[in-house]
Amino acid sequence: ETGVTQTPRHLVMGMTNKKSLKCEQHLGHNAMYWYKQSAKKPLELMFVYSLEERVENNSVPSRFSPECPNSSHLFLHLHTLQPEDSALYLCASSQDPPLAGVTGELFFGEGSRLTVL
Amino acid sequence: AQKITQTQPGMFVQEKEAVTLDCTYDTSDQSYGLFWYKQPSSGEMIFLIYQGSYDEQNATEGRYSLNFQKARKSANLVISASQLGDSAMYFCAMTLFAGGTSYGKLTFGQGTILTVHP
């Protein structure tokens, strides 16, 4: 099992569809994140969950709805998206705060590439 | 608010030579961490190296080293003995260690595409 697994890897949806992105981590971390990577823009943090509670929401539109049922799983529910929401959505996990002597880096999945028609 | 600037959209290097990727940052905080990540075409972000703001020595990890110049607020990545597999997008990122803030809240730069020629 790889550390952080995301499904699906590719998703095409219409603006009226409802879909979900799934992320699973096998690293025993206590924090999980959704980042958005759009063309020609830096990665943007969308949501942070620490110990299964949402601790950060960077003013993301309500058409994106996260869910973290336990420390190993994270979902991003999508509904009535816009074409500008087309992007690579990256899930990550980490130990937060880091353990002593550890840098606390994020471990990322390979991303879910979303295209909204 | 913190900001990361990577001024090189693309860099080219000959195989087995060294290359430096530039990164400057802007923050008024004194306690922070700097990261470099590599993103191959597969999309996964791979952690390369970390430097804490209070670390006195430059970080090194195998062929990667971080040239940390705190007064100039720069954190350049040096890759020695480049390999064809080093061709990828490289991102510089920063986190702040303010109390109560998640350490995973990274601010990223725009990235630099590195191409290694045989």
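Residue numbers start from 1 in every chain, and the chains themselves are labelled A, B, ... in the order their sequence lines are given, proteins ahead of strands. These numbers were taken from a predicted model, which means no experiment stands behind them.
- Under the 4.5 Å side-chain heavy-atom criterion for grouping Ile, Leu, Val, Met, Phe, Trp and Tyr, A:Phe75 is not connected to A:Met13 through any hydrophobic cluster.
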### Step-by-step side-chain contact (heavy atoms from CB on, under 4.5 Å) determination, B:Phe68 to B:Asp55
CA-CA 9 Å; B:Phe68 181 48; B:Asp55 295 341; 5.9 Å; no
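- For the pair B:Glu61/B:Trp36, no side-chain contact is recorded, criterion being any heavy-atom separation below 4.5 Å from C-beta on.
- Looking at A:Leu106, both its backbone and its side chain come within 4.5 Å of chain B, counting heavy atoms on both sides.
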### Task
Before giving the answer on side-chain contact (heavy atoms from CB on, under 4.5 Å), spell out for A:His29 and A:Val4 the whole-Å C-alpha distance, their side-chain angles and the decisive distance to 0.1 Å.
CA-CA 10 Å; A:His29 290 157; A:Val4 180; 6.0 Å; no
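- For a residue to count as touching a neighbouring chain, one of its non-hydrogen atoms must lie under 4.5 Å from one of that chain's; by this rule B:Gln6 does not touch chain A.
- Contact annotation for A:Leu90: only side-chain heavy atoms (C-beta onward) come within less than 4.5 Å of a heavy atom of chain B.
- Contact of A:Arg9 with chain B is made through the side chain alone, with heavy-atom distances under 4.5 Å.
- Taking the ring centroids of B:Phe108 and A:Tyr35, they lie under the 6.0 Å cut-off.
- Heavy atoms closer than 4.5 Å to chain B are found nowhere in A:Glu44, neither backbone nor side chain.
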